[in-house]
Amino acid sequence: MFKKIISGLIDRPLLTSLFVTDLTILLFHRPPFIFSLLMLGALTAMSMYFGQKLALFKE
């Protein structure tokens with residue numbers, strides 16, 4: 001399962017870098033409230049996209 005996640009992230013380098021950058025900014029910096037809501041929405045959308053594309057628990 002770990003190998004499938006890593007290969008899925010490597011196949012989409014732009015989305016992976018946006019995801020990591022967005023998560024890092026939200027965790028370690030204090031952006032303005034409205035901007036942080038937009039970033040949280042983008043992070044949620046990317047998480048749902050990765051979850052759909054990786055389909056880890058599909059039989």
Review point. With ILVMFWY side chains joined below 4.5 Å, transitively, what does I6's cluster contain besides itself?
Key: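 Members besides I6, by chain and number: F2, I10.
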Which heavy-atom pair separates [X] from [Y] by the least distance, and what is that distance?
{"X": "L43", "Y": "L23", "result": "CD2-CD1, 3.9 Å"}
{"X": "D22", "Y": "M46", "result": "OD2-CE, 3.8 Å"}
{"X": "G8", "Y": "R12", "result": "O-NH1, 3.1 Å"}

Practice item. Apply side-chain contact (heavy atoms from CB on, under 4.5 Å) to S47 and list each qualifying residue two or more places apart in sequence or on a separate chain. Key: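 By the side-chain contact (heavy atoms from CB on, under 4.5 Å) rule, S47 matches F19.
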**Study point:** By side-chain contact (heavy atoms from CB on, under 4.5 Å) - contacts of T24 (at least two apart)
**Key:** V20, F28
Review point. Within the distance-only criterion (no hydrogens, no angle test), does the side chain of T21 pair as donor or acceptor with the backbone N or O of L18 below 3.5 angstrom?
Key: no
Check your understanding: Do L9 and L14 share a hydrophobic cluster (ILVMFWY, side-chain heavy atoms under 4.5 Å, transitive)?
Key -> yes
Let me have the donor-acceptor pairs involving side chains of residues 32-42, under 3.5 Å, with sequence neighbours excluded, atom names and distances please.
residue: S36; atom: OG; partner: P32; partner atom: O; Å: 3.4
residue: S36; atom: OG; partner: F33; partner atom: O; Å: 2.7

Donor-acceptor pairs are to be reported for all side-chain atoms of residues 50-57 against protein atoms at under 3.5 Å, with residues two or more places apart or in another chain.
none

